[in-house]
Amino acid sequence: MRIILHVDLDAFFAAVEEREHPEYKGLPIVVGADPKEGKGRGVVSTANYEARKYGIKSAMPISKAYKLCPNAIFLRPNFELYEKVSENIMQILRQHADKFEQVSIDEAFLDVSKRCKNFEEARQLAILIKEKIFEVEGLTCSIGIGPNKLIAKLASDYKKPDGLTVVEEEKVKGFLEPLPVEALLGIGRKTAKVLQEMKIKTVGELAKADPTLLISKFGKVGAYFYQMAHGIDESEVTEEWEPKSIGREITFEKDVDDIKFVFQVLDELIEEIYKELLKQKYFFKIVSIKIRYEDFETHTRAKTNPFSTQDVRLLRNFVYELILPFLQKEKKIRLIGARVSGLNKVEKQRKLVEVFK
Ligand code: TTP
Ligand code: MG
């Protein structure tokens with residue numbers, strides 16, 4: 001039997017700001033782009049729970065957030081600080097896991113199957129972890145405990161903020177049944193709508209659906225939906241996650257349709273990424289791009305190079321190649337970004353070549 005914890009910090013960026021500014025306590029806080037009195041561009045990174053009462057949430061246009069609550073405290077994100085806080089917390093978490101996997105800046109899985117004999121011991125460990133995080137960083141988190149990553153993640157989401165939800169193997173079915181299908185990873189609004197047409201609204205209903213019908217409707221992922229609905233997830237907690245990536249993105253002051261200008265800005269972003277790579281002495285393997293149109297339709301694409309490199313021409317070629325198909329639309333562009341990941345301190349391939357020379 002496996003015992004997995006999923007830890008997710010509460011309103012992370014906003015909670016850090018609240019800690020840094022005790023004078024904001026109890027007030028709605030929105031971290032994100034400058035609202036410029038409702039005319040601002042860009043989006044909300046996150047909002048504290050007070051601000052969420054007004055309907056403000058992550059990824060919403062900042063102008064809409066301003067409309068919903070003009071009196072909220074609007075702050076620009078301080079990524080350096082959040083990254084430092086995140087590092088400290090991940091270090092605490094790592095110490096309490098047999099296997100550890102950081103999933104994002106404020107989220108991690110801990111496999112504790114060896115160190116905890118049963119779910120009760122895991123619950124005690126989770127309480128201890130919550131206390132430590134609060135003691136060291138003054139922040140709260142929500143923890144889910146389950147027999148696999150899927151259930152642990154759903155459980156941490158179940159009660160927020162400052163939640164602790166334990167779902168033992170025998171309780172999985174009852175826990176999943178009433179959840180809306182959108183709670184499952186990969187089921188967004190579009191898929192949920194198709195499912196609804198099939199009279200499937202809850203995970204329990206999804207579990208009872210005919211799997212061949214799901215596959216005929218959704219292809220391979222249909223089988224995956226069916227598995228998730230039954231609480232099946234064999235994936236391991238893996239430590240291979242590459243925490244570092246270097247990226248830059250920009251939201252234009254005005255939506256843009258001048259392709260030449262887009263390439264100019266892209267070149268600047270690439271140059272900045274390249275400088276940062278040299279500064280931090282990293283070699284990359286993966287290049288990704290992001291583009292958002294005026295109607296908020298957003299796309300990301302990535303391409304992996306077979307070896308680690310620091311070659312700025314390769315970086316530029318990859319970015320161009322990835323972004324090109326998205327520049328041939330009628331729509332104006334609101335945001336573009338580029339990122340390198342799969343970072344390494346050594347240029348593996350070249351070392352090998354040198355050995356064989
Ligand atoms: P989340 O864990 O998704 O959100 P949260 O921690 O703010 O709130 P919750 O209590 O619901 O967990 O994301 C972690 C941080 O990542 C969040 O504080 C800000 C950042 N983020 C963005 O910048 N943009 C986004 O769209 C999302 C979802 C998060
Ligand atoms: Mg969070």
Side-chain angles (χ1 to χ4, degrees), residues 5-21 24 28-35 40-65 72-90 92-93 101-110 126 129-130 133-134 137-144 149 152-165 179 182-186 188-189 241 243 245 247-251 288 290-292 296-300 334-335 337 339:
L5 264 65
H6 181 257
V7 181
D8 188 325
L9 291 150
D10 301 321
F12 182 46
F13 293 4
V16 173
E17 294 298 343
E18 216 169 305
R19 176 192 84 180
E20 297 294 298
H21 302 273
Y24 297 158
I29 299 175
V30 181
V31 179
D34 186 346
R41 311 293 305 262
V43 293
V44 173
S45 297
T46 196
N48 68 355
Y49 281 77
E50 206 50 46
R52 289 182 200 191
K53 288 182 192 160
Y54 296 85
I56 299 173
K57 40 186 177 185
S58 290
M60 166 183 281
I62 198 77
S63 52
K64 186 166 176 199
I73 311 270
F74 286 90
L75 301 168
R76 299 305 83 67
N78 179 352
F79 293 109
E80 238 169 87
L81 173 62
Y82 311 148
E83 263 160 23
K84 184 73 205 131
V85 173
S86 163
E87 243 172 64
N88 294 347
I89 291 172
M90 294 303 157
I92 296 174
L93 296 178
E101 179 180 355
Q102 186 178 345
V103 201
S104 76
I105 192 162
D106 83 328
E107 215 185 315
F109 287 107
L110 286 66
I129 288 173
K130 276 156 109 21
I133 292 178
F134 193 76
E137 291 293 337
L139 298 173
T140 63
C141 64
S142 297
I143 301 186
K149 285 161 81 173
K153 167 120 176 117
L154 289 169
S156 77
D157 241 9
Y158 190 72
K159 187 174 173 288
K160 255 185 163 298
D162 205 12
L164 173 53
T165 304
L179 296 180
E182 291 96 322
L184 297 177
L185 191 72
R189 233 183 303 158
W241 190 75
S245 74
R248 293 285 183 273
E249 60 180 55
I250 187 157
T251 303
S288 40
K290 179 164 148 193
I291 183 160
R292 177 169 293 145
F296 274 83
E297 184 185 314
T298 306
H299 297 274
T300 56
R334 182 181 168 90
L335 170 154
R339 178 171 294 277

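This is a predicted model, so every value here is computed, not measured. In listed order, ligands and their atoms are each counted from 1. Just so you know, residue 1 is the first one in the sequence shown, and it goes up from there.
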Any donor and acceptor pair, going by atom type alone, linking the side chain of K160 with main-chain N or O of L9 inside 3.5 Å?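 Judged by distance alone, yes, a pair lies under 3.5 Å.
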
For [X], is the nearest heavy atom under 4.0 Å from an atom of ligand 1?
| X | answer |
| --- | --- |
| R52 | yes |
| Y49 | yes |
| E107 | no |
| P161 | no |

What protein heavy atom is closest to [atom], reported as residue, atom name and distance in Å?
| atom | result |
| --- | --- |
| atom 18 (O) of ligand 1 | F13 N, 3.0 Å |
| atom 29 (C) of ligand 1 | S45 O, 3.7 Å |
| atom 1 (P) of ligand 1 | D106 OD2, 4.0 Å |
| atom 26 (O) of ligand 1 | S58 CB, 3.6 Å |
| atom 7 (O) of ligand 1 | T46 OG1, 2.5 Å |

Within-cut-off N or O pair, I105 and ligand 1, under 3.5 Å: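 Such a contact does not occur with ligand 1.
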
Spacing of CD1 belonging to I73 relative to CD belonging to E50, to within rounding of 0.5 Å: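 One gets 11.5 Å once the value is rounded to the nearest 0.5 Å.
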
Euclidean distance, E249 CD relative to I291 CD1, rounded to 0.5 Å: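 Interatomic distance, I291 CD1 to E249 CD, rounded to 0.5 Å: 12.0 Å.
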
Would you please classify the geometry between the F13 ring and the Y82 ring as parallel, tilted or perpendicular, with 30° and 60° separating the classes?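 Geometry flag for F13 against Y82: parallel rings.
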
For T298, check side chain to side chain donor-acceptor pair (under 3.5 Å) against everything at least two apart and list the hits.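 R292.
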
Where's the contact between L9 and ligand 1, heavy-atom distance under 4.0 Å: side chain, backbone, both or neither?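 Just the backbone.
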
Where's the contact between K57 and ligand 1, heavy-atom distance under 4.0 Å: side chain, backbone, both or neither?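 Answer for K57: neither.
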
What protein N/O/S atoms sit under 2.8 Å from the Mg ion (ligand 2), by chain and number?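 Metal shell, protein only: D8 OD1, L9 O, D106 OD2.
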
State, yes or no, whether a side-chain contact exists between L179 and L184 at a heavy-atom distance under 4.5 Å.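 Answer no - side chains too far apart.
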
Yes or no, since that's all I need: does a protein heavy atom fall within a distance strictly under 4.0 Å of atom 3 (O) of ligand 1?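 Under the 4.0 Å cut-off, atom 3 (O) of ligand 1 has no protein heavy-atom neighbours at all.
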
For F12, counting its heavy atoms only, list the atoms of ligand 1 lying under 4.0 Å from any of them.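 Contacts of ligand 1 toward F12, numbered from 1: 5 (P), 6 (O), 7 (O), 18 (O).
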
